[in-house]
Amino acid sequence: MSHLVKETSVSRSAALAVTALALLACAPQVPAQAGQKSPTPASIPGVLAVETYADSLDRPWGIAFLPDGRLLVTERPGRMRIVARDGSVSAPLAGVPEVMASGQGGLLDVAVDPGFAQNRTIYFTFSEPGPNDGTASTAAARAELGEGRLENVRVIYSQVPKVRSGGHYGSRIAIARDGSLFITAGDRMNQRPLVQDLATGIGKIVRIRPDGSIPRDNPFVGRPATNEAIWSYGHRNLQGATIHPETGQLWTVEHGAKGGDELNHPEKGKNYGWPVITYGVEYSGLPIGEGITAKEGMEQPVYYWDPVIAPGGITFYTGDKYPGWKGSLFIGSMNPGALVRLELANGRVTKEERYLGELGERIRDVQQGPDGYLYVATDNPKGRVLRVVLKK
């Protein structure tokens, strides 16, 4: 009988502990500073419209304009194409390396070197498979764009270690003013203990030169047992990155867990907290780790979304096609699906608006075209590139 009583007591204690954790997770997360949490505005209809620029694309992931106005598009299953100025779509370019096209993996972002007119160089990220063992990692490569093919393809960064997981590869490329490359690499979903480990590339933003070498002013250069490519760490799944056109500062968005998507401007050597601090909770509703949102030595997000927006690509708008919107930060949302506009002042978000929710589309990337209009890529097997215009 005493044995049964003891078992009952233990089970009741365990149940109470689980209940306490669940209650903690349900409690509202209190922002550390005013204006840090999104007010979750409704999508505003009747302001913007779209024109189909290109279609019949299979899960387009990244878009980047060439100097002559043509558009590079990556398709997640592993193909890269060129969209001509008339919207016609090329056959897949030859020379793309093998990708792990499974889960969230595949061919990811693409960026054009500032000196493309002279060197024909582009950069792209992809899920790089391991040696026939089912593992993969986020990788970045450079290549020269030839006639219908990529030439002189060379991998310039590989996230370590390679792991078995189909998720959270990241990944975006942002080219800094000095020509160095910021590359975002996710936490690979089931590798949380490695995110705070500076010997790995898991859950990090790295900064490399265009040839893959390490800038000597990176924050962890010379530190033993450390990945010297790291710029910042403590990230979950960064799928948007861009450079502020006036300050040159890096800005990113990342997928959090439930209720924890973040906007950050990651700074040199700083720790952004995942998975120790977060405004999100597990999809089960239970807290993540200790269920805390702040800790000494870890950075707060500039802004977070609860409910989430599942952010994609981002860009600062510098044109004049949308009166009053110059300087706004635009973000693609995949869930609920929208084009999110943020106004910023002194490094803080002062206003959020959402558009194009009526499309019911997963907006994976957003870029400004040479004509001054915004272009968005929709993430589905019959994906499109859409030009965003003011509604007449």
Side-chain angles (χ1 to χ4, degrees), residues 35-50 52-53 57 59-63 73-74 76 104 108-109 167-172 174 184 186 235-242 251-265 278-280 283 301-317 322 325 328-344 349-368 373-389 391:
Q36 187 183 23
K37 183 180 182 296
S38 167
T40 61
S43 179
I44 302 173
V47 177
L48 297 179
V50 295
T52 299
Y53 183 64
L57 296 164
R59 298 200 177 278
W61 211 98
I63 57 177
V73 180
T74 62
R76 189 155 57 85
Q104 297 175 15
L108 304 173
D109 202 20
H168 296 189
Y169 288 93
S171 160
R172 292 290 173 186
T184 73
H235 300 289
R236 186 174 182 267
N237 189 20
L238 306 106
Q239 294 202 14
T242 192
W251 285 75
T252 63
V253 288
E254 64 183 85
H255 288 239
K258 183 180 180 181
D261 289 351
E262 294 183 3
L263 171 71
N264 290 297
H265 50 76
T278 176
Y279 284 93
Y283 293 110
V302 172
Y303 196 64
Y304 73 92
W305 287 269
D306 182 11
V308 298
I309 61 168
I314 63 176
T315 193
F316 282 100
Y317 184 66
Y322 316 99
W325 287 2
S328 294
L329 179 64
F330 284 89
I331 305 169
S333 162
M334 291 179 284
N335 184 17
L339 182 62
V340 178
R341 184 179 79 90
L342 302 181
E343 291 184 5
L344 304 173
V349 174
T350 59
K351 186 176 186 179
E352 177 182 347
E353 293 177 339
R354 300 183 187 181
Y355 300 91
L356 303 182
E358 65 274 15
L359 296 181
E361 292 274 16
R362 289 166 52 86
I363 297 181
R364 173 68 74 173
D365 199 10
V366 54
Q367 295 293 330
Q368 181 177 325
Y373 287 103
L374 292 170
Y375 289 74
V376 300
T378 65
D379 178 23
N380 62 67
K382 294 183 179 180
R384 298 180 291 166
V385 175
L386 306 173
R387 179 192 288 116
V388 179
V389 298
K391 197 161 188 177

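In what follows, every heavy atom counts, from backbone to side chain, and hydrogens, waters and symmetry copies are set aside.
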### Message
Using side-chain contact (heavy atoms from CB on, under 4.5 Å), reason through R354 and I309 one step at a time and then give a plain yes or no.
### Response
CA-CA 10 Å; R354 300 183 187 181; I309 61 168; 3.5 Å; yes

### Task
List in chain and number order the residues that pass salt bridge (charged side-chain N to carboxylate O under 4.0 Å, His left out) with R236, two or more places apart in sequence or in another chain; answer none if no residue qualifies.
none

Test item: [X] and [Y] side chains (from C-beta on) under 4.5 Å apart, heavy atoms:
| X | Y | answer |
| --- | --- | --- |
| E358 | L356 | yes |
| N380 | R362 | no |
| Q104 | N237 | yes |
| N264 | E254 | yes |
| W61 | D365 | no |
| P41 | E353 | no |

When rounded to the nearest 0.5 angstrom, what distance separates [atom1] in [X] from [atom2] in [Y]?
| X | Y | atom1 | atom2 | result |
| --- | --- | --- | --- | --- |
| E262 | D306 | CD | CG | 12.0 Å |
| K351 | L344 | NZ | CG | 13.0 Å |
| L342 | W251 | CG | CH2 | 9.0 Å |
| L374 | L386 | CG | CG | 11.5 Å |
| L339 | I331 | CG | CD1 | 9.0 Å |
| I314 | Q239 | CD1 | CD | 11.5 Å |

### Task
List for me each residue that meets ring pair (Phe, Tyr, Trp, His ring centres under 6.0 Å) alongside Y304, sequence neighbours excluded, and say none if there are none.
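Per chain and number, Y304 pairs via ring pair (Phe, Tyr, Trp, His ring centres under 6.0 Å) with Y279.
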
### Query
Can you name the residues that form a ring pair (Phe, Tyr, Trp, His ring centres under 6.0 Å) with H255, not counting sequence neighbours?
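Scan of H255 (ring pair (Phe, Tyr, Trp, His ring centres under 6.0 Å), adjacent residues dropped) gives none.
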
### Geometric class of the F330/W325 ring pair [parallel <30°, tilted 30-60°, perpendicular >60°]
tilted

### Message
Between V388 and Y355, is the side-chain contact (heavy atoms from CB on, under 4.5 Å) condition met? List the steps.
### Response
CA-CA 10 Å; V388 179; Y355 300 91; over 6 Å; no

### Query
In this structure, which one of T74, D379, T378 forms a side chain to side chain donor-acceptor pair (under 3.5 Å) with R364?
D379

### Message
Ignoring hydrogens, what is the shortest heavy-atom contact between P311 and D261? Give both atom names and the distance.
### Response
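Result for this residue pair: CD-OD2, 3.1 Å.
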
### Query
Please, which pairs that meet side chain to side chain donor-acceptor pair (under 3.5 Å) have at least one residue in residues 328-339, sequence neighbours excluded?
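Matches after skipping sequence neighbours: S328-R341.
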
If you look only at distance, which donor and acceptor atoms sit under 3.5 Å apart when one is on a side chain in residues 42-49 and the other is two or more places apart or in another chain?
residue, atom, partner, partner atom, Å
S43, OG, G357, N, 3.0

### Query
Under the side-chain contact (heavy atoms from CB on, under 4.5 Å) test, which residues partner S171, sequence neighbours left out?
L108, T125, T138, I183, T184

### Task
Report the C-alpha separation of T252 and R172 in whole Å, then their side-chain angles, then the decisive distance to 0.1 Å, and conclude whether the side-chain contact (heavy atoms from CB on, under 4.5 Å) test is met.
CA-CA 9 Å; T252 63; R172 292 290 173 186; over 6 Å; no

